[in-house]
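Worth knowing before you read on, the calculation uses all heavy atoms, side chains too, and leaves out hydrogens, waters and symmetry mates. Note on naming: letters A, B, ... go to the chains in the order of the sequence lines (proteins, then strands), and numbering restarts at 1 for each one.
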Amino acid sequence: MAAKLDQGPPNYKEMLPPVILENYGKWKYHEIPRPGVLKHVSETGATMHSVRVASPRLVSIDFVRDLCVIADEYCEGFLRFTTRNNVEFLVGDEAKLNPLLAELEAKGYCVGGTGASISNIIHTQGWVHCHTPATDASGVVKAVMDDLYEYFDSMKLPAKLKMGLACCLNMCGSTHCSDIGIVGVHRTPPRIDHDKIRKGTEIPSLVASCPTGAIRPDPKNKSVIVNNDKCMYCGNCYTMSPAMEIYDAKNDGIAILIGGKVSNARSAPSFSRMVIPFLPNNAPRWPETTKAIRDIIELWIANAHKGERLGEWVERIGWERFFSLSGLPFSDMLIDDYIFARETFRTGAAFKY
Amino acid sequence: MAAKLDQGPPNYKEMLPPVILENYGKWKYHEIPRPGVLKHVSETGATMHSVRVASPRLVSIDFVRDLCVIADEYCEGFLRFTTRNNVEFLVGDEAKLNPLLAELEAKGYCVGGTGASISNIIHTQGWVHCHTPATDASGVVKAVMDDLYEYFDSMKLPAKLKMGLACCLNMCGSTHCSDIGIVGVHRTPPRIDHDKIRKGTEIPSLVASCPTGAIRPDPKNKSVIVNNDKCMYCGNCYTMSPAMEIYDAKNDGIAILIGGKVSNARSAPSFSRMVIPFLPNNAPRWPETTKAIRDIIELWIANAHKGERLGEWVERIGWERFFSLSGLPFSDMLIDDYIFARETFRTGAAFKY
Amino acid sequence: MTEKKTPLLDELEKGKWPSFVTEIKRAAVKSPASAELLQVLERSYAERRGHWKHGGIVGVRGYGGGVIGRYVDEPETYPNIAEFHTVRINQPSGFFYNTKTLRTICDLWEKHGSGLTNMHGSTGDVILLGCKTESIQPIFDDYSEAGFDLGGSGSCLRTTNCCVGPGRCEHACYDTLEACYNITNEFMDELHRPMWPYKSKIKFSGCANDCTGAIARADISVIGTWRDSLRIDQNAIKEYAAEEFPIQSAVVAKCPTHCLTYNKETQELSVVAEDCTRCNHCINLMPKAIQAGKEKGATLLVGGKSTIVQSAFMSSVVVPFMKMEVEDDFEEFKDTVRRIWEWWDENGKTRERIGETIFRLGMGKFLRETEIPPVPQQVFRPRANPYVFWNQEELDQSGTAMDGSEVKNYNK
Amino acid sequence: MTEKKTPLLDELEKGKWPSFVTEIKRAAVKSPASAELLQVLERSYAERRGHWKHGGIVGVRGYGGGVIGRYVDEPETYPNIAEFHTVRINQPSGFFYNTKTLRTICDLWEKHGSGLTNMHGSTGDVILLGCKTESIQPIFDDYSEAGFDLGGSGSCLRTTNCCVGPGRCEHACYDTLEACYNITNEFMDELHRPMWPYKSKIKFSGCANDCTGAIARADISVIGTWRDSLRIDQNAIKEYAAEEFPIQSAVVAKCPTHCLTYNKETQELSVVAEDCTRCNHCINLMPKAIQAGKEKGATLLVGGKSTIVQSAFMSSVVVPFMKMEVEDDFEEFKDTVRRIWEWWDENGKTRERIGETIFRLGMGKFLRETEIPPVPQQVFRPRANPYVFWNQEELDQSGTAMDGSEVKNYNK
Ligand code: SRM
Ligand code: SRM
Ligand code: SRM
Ligand code: SRM
Ligand code: SF4
Ligand code: SF4
Ligand code: SF4
Ligand code: SF4
Ligand code: SF4
Ligand code: SF4
Ligand code: SF4
Ligand code: SF4
């Protein structure tokens, strides 16, 4: 049979377990009987348990097949993934819940990520597959989640904590509105391969790609010139042309942004804000990064009101106070100087120390 | 004697009444025994009464001389003006307070403007003296203050109400952070007098003056061309060159902005926001403007909490709710499309109707 | 190959969290490409840099995207991953699967590729990670036959995604799963054949909790809401009270608009409906007692994206409330979004996301030209500057077009 | 002249508020220029447009500003106001006057000009409204001899002004009157001889109430504050309580940082000092009981201005706390402001206010180059984008300057 064009994704209706088909749109409320387990109750009185299991996201097909075996046994052959890449086993038959949990435990699966916990980190390709990373993705995630595991399989945080990791400023990992964003950053200007430029780069597009106007054409050379003083190492020129190599092993690393959120609950969605401009790429376990994140989280735990997201807490106490409490050094690098800088300036004479 | 260069302003020390000299820096608290009268009490126990009197600001020297006569009689020859151009009689001898008030009343002076009242309107030159006005200044102020007089000589508002009027977008009247800003606006592009341009205008400066890049040089003509579609009638080109006549009697008028403040008390200083893009220049008494302002003020009075500035009230209930409560029409003209527009967009899914 | 040492990566097999290194090793058992990936990754860990080159153009007949080209920088050393492209397979709505489908994905991927996958990519696709150029068409053919289709890449509509919605959530204000499926099918051409200035994403969240992060991650963010008043079940409130749930401190005190009042005596909770902004907080905390209103639909927000080039943007409100009904085939949504894309297609510069185009040209112009009514819900607050554009045709123009030298003589 | 009718303006003599029309009429009795002003203004009211032309350059020997040139557009019809310039006279600190000084102002103005004045202009000057070109120098000479000096106009330091401060206000955290006087005298050259890209204004407010509107209206805004904890007099609190002053609802509940607690039993008010942002609200409401701390000074904010060209800016914090002491001659302030102006003078474009220059070039660069330490008080919040400039000299540069074609060979 020939391939069909534009047939679209498989129909989700075929992917729903019977308990969902029967109670579709009728869910009334949920409870979280224990970390990692959601119990949804329908208007009809029916219940469904979802068991959330960590995934490294970058998985082998054998990992997926293992999941299938479990789903066949306990979930009538159905499961789902979450928008944070966790696995959710959907248990229509309550009797199967405890056996499932036992099996998961036996096999070393990590159950958690519900309620006031840290769930999986949304992340990206890093050194595994992308061409512009300033850090790895999966490795940093692994290191950070190992360190914070106690907050994944419990629900003792002030509120949910959503983390994102992006290995470069393209920010595929949605770090810009995360409670904690881990962002791979370059710190040196691109090195130009003039030969490559001459071979295939569309110079006007390349020039236009630079947000700060650091690149200008060099007609004599049939290439371009970068004004290093204007460059802020975003790498967008490299996205446009492979001749603008941006990685720099000695100087690439990680920046930490905090306090973003996307839900509308209580407070409006907000951007994450930079609090640490650079941490080194200390592979394989990025100890500076894991420590910095843990310190921030522990400060939040110690100081936030119950129910207060990280950013809500910082906004309540004030960013200046966050810096004095955390002891993190403040520098002019943390002060915005890009397009929307003005709204960050303190246009008022009231502040803390 | 020859004129002295750079001698600076008269020394304020010679302008202070004895009671101030004696209690300088020692004031402990104040009370407002009645509208328009401040009673300041010093650490030393001394008191001083200040009686605030309205001024049209544009005054004759005879007006000033009249003030002097009063100050000589009741205030040992001292008085001051406020940052809102009111007059303040400084009474060191409490016994003179009531006689002063009686005389002021007899002579028809307006006493008020303290506490939770509307004080004088900071304003500008208008048709009296400036070359760029889109409306008059003093006349609008007179019409508005006549209408709102009951709020000047009482203190029954939820909070202070600070108004500013600027007769053009240069905004000399500090309307950009006022509870209510009255701003003269042009609505049509400049008409170019090419002869005048050729005679004296520096074309590059003229081109550079346009915030939206609407003006471009026309070398053939030795003049400039205005792209009317890009022009938003700010008049900055006219400030640069008299050849760019911007006034247009048929279309000039007034815009109303509300909700700004400058004090840091409770909430941070904030900009005024446009709620009415245009009202006609119905001289001599601008009835549309006086009514629009009264309506806004009465809505505020009816709905605000005690102590809540106009902008604080609107921010609490939400601007969308202000529009539904006030019945003022909302249009795309009220949506920012200038440099800092982005921060005004509602990046959230929570709002009222 | 597999016998080569990976001491640095091995460190990442320690610890509680599941290890991607373990997963690559599992794949490496069967796939020489995955084995080489392990080697090149170990080298990246040592050198602290990536080893992948810019992707060339690779693809599938009849499609303009769906595959990301990827080449290792030293093909001589790593011949098995000289080409190591990814194929994006459009996931089913809500990431629901039956095991049969999942196994099909695995089996086909075992046949053609590295055996490594991301379940899922950040946008939503099933990411088949690593295959040769020559395999791309066969991969597509096989998956297509099995009922799958490609996701998006390039300057097109990207793979849409949605939250679990009515499938398992009491908060869903519209059918996110059906919306995602139906609308994806509607826009097959836009998804598969890049035609726009840049990419455009849609994410469907069933309520203001926005579990897909739509407002930050999608150009078109569809967030469920309701139009009337939320509903309170006073009996259920009493049950919460009986369980000593902190109604006052956790719910009432944190309502951002202070529109809830709890009467401790009567154990009743009341709401000033017109003050509620539908933030969902109280419903989140007391789902048994509080629920959305009856008139349900969605808010349409536009412009979200990450940092490059003009800074990160969040979507902002364009249509405060629209019906999202299966019955009428999501007509209003489709019409509106078509107008929006058309406008962007005409006005956007190359590599300019729609949020940037709107910002550059002005929200007013955008609304006028897409015929979307301006309403105060679109802004947090009105403009602070008086720089209003006036439609000159609506003004008295009897003098404005005149030559400046004659200005004196008009307006009299 | 005076017999001419002004029916429209006459309407503005009605009503309670004092009438500027009446004032012009009073001046018109003695001044033909003011009489003509009345006529031209009546015409403006009828035609709804101004009748003044762009000012030419007029001035005083040895000064570059202080006078605004103004010409009527029909000099033939209105010969007495063919030239109708204003002279800006620098007011005494706090707008305090003895009647002798005021009478001198009046007498000299009666001699030379229209007899109309603004007490005061928006910036602070005594505005002498309307005189002929030939009178300007004599006006200056006479006023100068009487102890007055000109205010600013053009691209210079403008006339500074201040609130009443310690002269009559319990809130003053530094001596605004002396600061304004002393600092004005220090910067005579900057005030009188335009030398900068554009105008620069200073306003001195004694506390966070900002009664001069400094944050909105001055490039350099000096706002009084304190560094330690505010002081509460518990006895005075009890007196307020006795008078049934609503301490809880009016003060405590409106403290923006929720750092006040009122104990109704003991009638004591306490503050969590490190949480207080010194907004002044509680002090405003209970001045008998609450006062500023002991360590007083000012916050220096920079960049305020109105709408033209880049939008209105408010000043933003540059130095959170500086001493403002008469004893040391306001040294820190003067030094800092000199560095700030120098930087702006070097970097600003023509007609670019300092706030716009800082915005264009970046706050980081501004702080580095003026040697002002970066502190979190300068921002509401840190940057949301990761676009940080790094000082390349502080990095390991062993590869960065290389040619791109050799990139492969470095970083190994
Ligand atoms: C499964 C999932 C949806 C899906 O389609 O996959 C989901 C499911 C639920 N979310 Fe969510 N949310 C999911 C991602 C999100 C996201 C997006 C994200 O994580 O990137 C957000 C927005 C994050 C943000 O604001 O930055 C999100 C913000 C919420 C909130 C609002 C939290 C807040 O107070 O700000 C709630 C309400 C609550 O928890 O009370 C919520 C509530 C819920 C409920 C309780 C809804 C329900 O009644 O079923 C579900 C269980 C939550 C739990 O884990 O405790 N969900 N939820 C996603 C699980 C991801 C994971 O594996 O951890
Ligand atoms: C006389 C004057 C200062 C001067 O040097 O001339 C002055 C004097 C006082 N101000 Fe003011 N303010 C004066 C202009 C201002 C301004 C600037 C302006 O009006 O343009 C502001 C900032 C306006 C804004 O925020 O938009 C201002 C914001 C305040 C506030 C803060 C109000 C608030 O809650 O937001 C207070 C505190 C209060 O009233 O409780 C205050 C308090 C005071 C006190 C009570 C201070 C004191 O203890 O002596 C004085 C009497 C106020 C009254 O009238 O009730 N003053 N005050 C100015 C009178 C102008 C007038 O004629 O009406
Ligand atoms: C695979 C994936 C990361 C992942 O591991 O999950 C990814 C990978 C890439 N993204 Fe992305 N993006 C992915 C989701 C995102 C997201 C998140 C989202 O969609 O929710 C974002 C942020 C949201 C947004 O759209 O702005 C994102 C923002 C970007 C950008 C910056 C776009 C911008 O306007 O700021 C680029 C740069 C570009 O388009 O040239 C980019 C470009 C890329 C490229 C194609 C690199 C490039 O410059 O050509 C990456 C290919 C990596 C590779 O070789 O595999 N990717 N990218 C995600 C797609 C998987 C999927 O289809 O499901
Ligand atoms: C007289 C005065 C209005 C008044 O009636 O009080 C005034 C009058 C003029 N201002 Fe102003 N400004 C006056 C205070 C202000 C203020 C308020 C303040 O200083 O607190 C502002 C807003 C704050 C600021 O500085 O931004 C102000 C912002 C402007 C601007 C816009 C500047 C900007 O950067 O946005 C201009 C345009 C210009 O400089 O070319 C301007 C220009 C002008 C000119 C010189 C017109 C021009 O384009 O050349 C006006 C001369 C009128 C005349 O013929 O008498 N005037 N001007 C004020 C000065 C009196 C004094 O010295 O005391
Ligand atoms: S964040 Fe950057 S490096 Fe990472 S996957 Fe996306 S484009 Fe590639
Ligand atoms: S890295 Fe970014 S800022 Fe630097 S030259 Fe390239 S595009 Fe411009
Ligand atoms: S606001 Fe405009 S018209 Fe009015 S005085 Fe200032 S510059 Fe002149
Ligand atoms: S009025 Fe303003 S926008 Fe219009 S041409 Fe002149 S400077 Fe440009
Ligand atoms: S967005 Fe709302 S409807 Fe969708 S899963 Fe989250 S809570 Fe449920
Ligand atoms: S939905 Fe939000 S705003 Fe509405 S009542 Fe509940 S908590 Fe308050
Ligand atoms: S700013 Fe402060 S010190 Fe100055 S007058 Fe106003 S309240 Fe008093
Ligand atoms: S000064 Fe302001 S922040 Fe400080 S205690 Fe008083 S009201 Fe609260």
Met188(D) and Asp149(D), any side-chain heavy atoms less than 4.5 Å apart: yes
Largest heavy-atom contact set with chain B, pairs under 4.5 Å, which of Pro256(D), Ser306(D), Pro287(D): Ser306(D)
Contact origin within Asn120(B) toward chain D - heavy atom pairs under 4.5 Å: both
Structural part of Asp142(D) lying under 4.5 Å from a heavy atom of chain B: neither
Note, His30(B) side chain near Val41(B) side chain (heavy atom, < 4.5 Å): no
Option in Leu79(B), Thr83(B), Asn281(B) with maximal non-hydrogen atom pairs under 4.5 Å from chain D: Leu79(B)
Reported NZ-to-CD distance for the pair Lys196(B) and Glu245(B), which is rounded to 0.5 angstrom: 6.5 Å
Contacting moiety of Tyr338(B), where chain D heavy atoms sit under 4.5 Å: side chain
Thr86(D) portion near chain B, given a 4.5 angstrom heavy-atom threshold: both
Validation row, ring centre Tyr71(D) to ring centre Trp52(D) under 6.0 Å: no
Sidechain-backbone polar pair: His176(B) side chain, Ser272(B) backbone, donor-acceptor under 3.5 Å: no
Geometric class of the His120(D)/Phe95(D) ring pair [parallel <30°, tilted 30-60°, perpendicular >60°]: tilted
Toward chain B, the part of Arg351(D) with a non-hydrogen atom under 4.5 Å: side chain
Nearest-0.5 Å distance, OG of residue Ser44(D) to CG of residue Asp136(B): 7.5 Å
Side chain, backbone, both or neither of Cys207(D) within contact of chain B (heavy atoms, under 4.5 Å): neither
Cation-aromatic face contact Arg80(B)/Tyr97(D), 6.0 Å, 45 degrees: no
Greatest number of heavy atom pairs closer than 4.5 Å to chain B - which of Asn284(D), Asn98(D), Asp210(D), Asn90(D): Asn98(D)
Heavy-atom closest contact (Phe380(D) atom, Ala268(B) atom, distance): CZ-CB, 4.4 Å
Pairs of heavy atoms under 4.5 Å with chain B: top-ranked of Asp175(D), Thr184(D), Ile223(D): Asp175(D)
Phe152(B) versus chain D, the contacting section by heavy-atom distance below 4.5 Å: side chain
Which portion of Val183(B) sits near chain D, non-hydrogen atoms under 4.5 angstrom: neither
Contacting moiety of Leu285(D), where chain B heavy atoms sit under 4.5 Å: neither
Contact class of Lys16(D) relative to chain B, heavy atoms under 4.5 angstrom: both
Under 4.5 Å from any heavy atom of chain D - which part of Ile122(B): side chain
CA sep, side-chain torsions, deciding dist, call: Ser31(D), Ser114(D), side-chain hydrogen bond (donor to acceptor under 3.5 Å, both in side chains): CA-CA 6 Å; Ser31(D) 156; Ser114(D) 68; 5.5 Å; no
Interchain contact, Leu12(D) with chain B, by part (heavy-atom threshold 4.5 Å): both
Side chain / backbone / both / neither for Leu177(D) at chain B, heavy atoms under 4.5 Å: both
Heavy-atom pairs under 4.5 Å with chain B, option from His54(D), Lys14(D), Glu23(D), Glu170(D) with the top count: His54(D)
Pair Tyr63(D) and Phe140(D), ring centroids less than 6.0 Å apart: yes
Interface moiety of Thr101(D) toward chain B, non-hydrogen atoms closer than 4.5 Å: side chain
Part of Glu88(B) within contact of chain D (heavy atom distance under 4.5 Å): side chain
Heavy-atom proximity to chain D below 4.5 Å, by part of Met171(B): both
Proximity breakdown for Leu116(D) and chain B, heavy-atom pairs closer than 4.5 Å: both
Greater than 12 external heavy atoms within 6.0 Å of Lys30(D)'s NZ: yes
Top contributor to chain D interface from Pro133(B), Gly139(B), Ala71(B) [non-hydrogen pairs under 4.5 Å]: Gly139(B)
Chain B contacts, top residue of Asn280(D), Thr22(D), Asn209(D) (heavy-atom pairs, under 4.5 Å): Asn209(D)
Check: Phe313(D) ring centroid to Phe271(B) ring centroid under 6.0 Å: no
Intermediate values then yes/no, ring-ring contact (aromatic ring centres under 6.0 Å, His included), Phe359(D) and Phe340(B): CA-CA 12 Å; Phe359(D) 170 62; Phe340(B) 302 108; 5.2 Å; yes
Part of Arg278(D) lying under 4.5 Å from any heavy atom of chain B: neither
Ala312(D) portion near chain B, given a 4.5 angstrom heavy-atom threshold: both
Ser241(B) versus chain D, the contacting section by heavy-atom distance below 4.5 Å: backbone
Contact class of Glu43(B) relative to chain D, heavy atoms under 4.5 angstrom: neither
Best-contacting candidate, Val128(B), Ile339(B), Leu169(B), against chain D by heavy atom pairs under 4.5 angstrom: Val128(B)
Best-contacting candidate, Arg193(D), Lys349(D), Lys203(D), Met286(D), against chain B by heavy atom pairs under 4.5 angstrom: Arg193(D)
Aromatic ring proximity, centroids under 6.0 angstrom, Tyr12(B) and Phe96(D): no
From Ser119(B) atom OG to Met145(B) atom CE, the distance as rounded to the nearest 0.5 Å: 7.0 Å
Contacting moiety of Leu148(B), where chain D heavy atoms sit under 4.5 Å: neither
Donor-acceptor contact below 3.5 Å, side chain Arg70(D) vs main chain Lys53(D): yes
Engaged part of Asn185(D) at the chain B interface, taking heavy atoms whose separation is under 4.5 Å: side chain
Aromatic plane relationship, Phe84(D) with His129(B) - under 30° parallel, 30 to 60° tilted, over 60° perpendicular: tilted
Side chain / backbone / both / neither for Tyr149(B) at chain D, heavy atoms under 4.5 Å: side chain
Atom pair SG (Cys177(B)) and NZ (Lys162(B)), whose distance is rounded to the nearest 0.5 Å: 13.5 Å
Ring centres under 6.0 angstrom apart (Trp109(D), Phe148(D)): no
Segment of Gln91(D) engaging chain B (4.5 angstrom heavy-atom cut-off): backbone
Proximal component of Thr82(B), with respect to chain D [non-hydrogen, under 4.5 Å]: backbone
Side-chain donor/acceptor of Tyr247(B) to backbone N/O of Asp252(B), under 3.5 Å: no
Chain D contact via Cys130(B) - which portion, at a heavy-atom distance below 4.5 Å: both
Contacting region of His40(B) [heavy-atom separation from chain D under 4.5 Å]: side chain
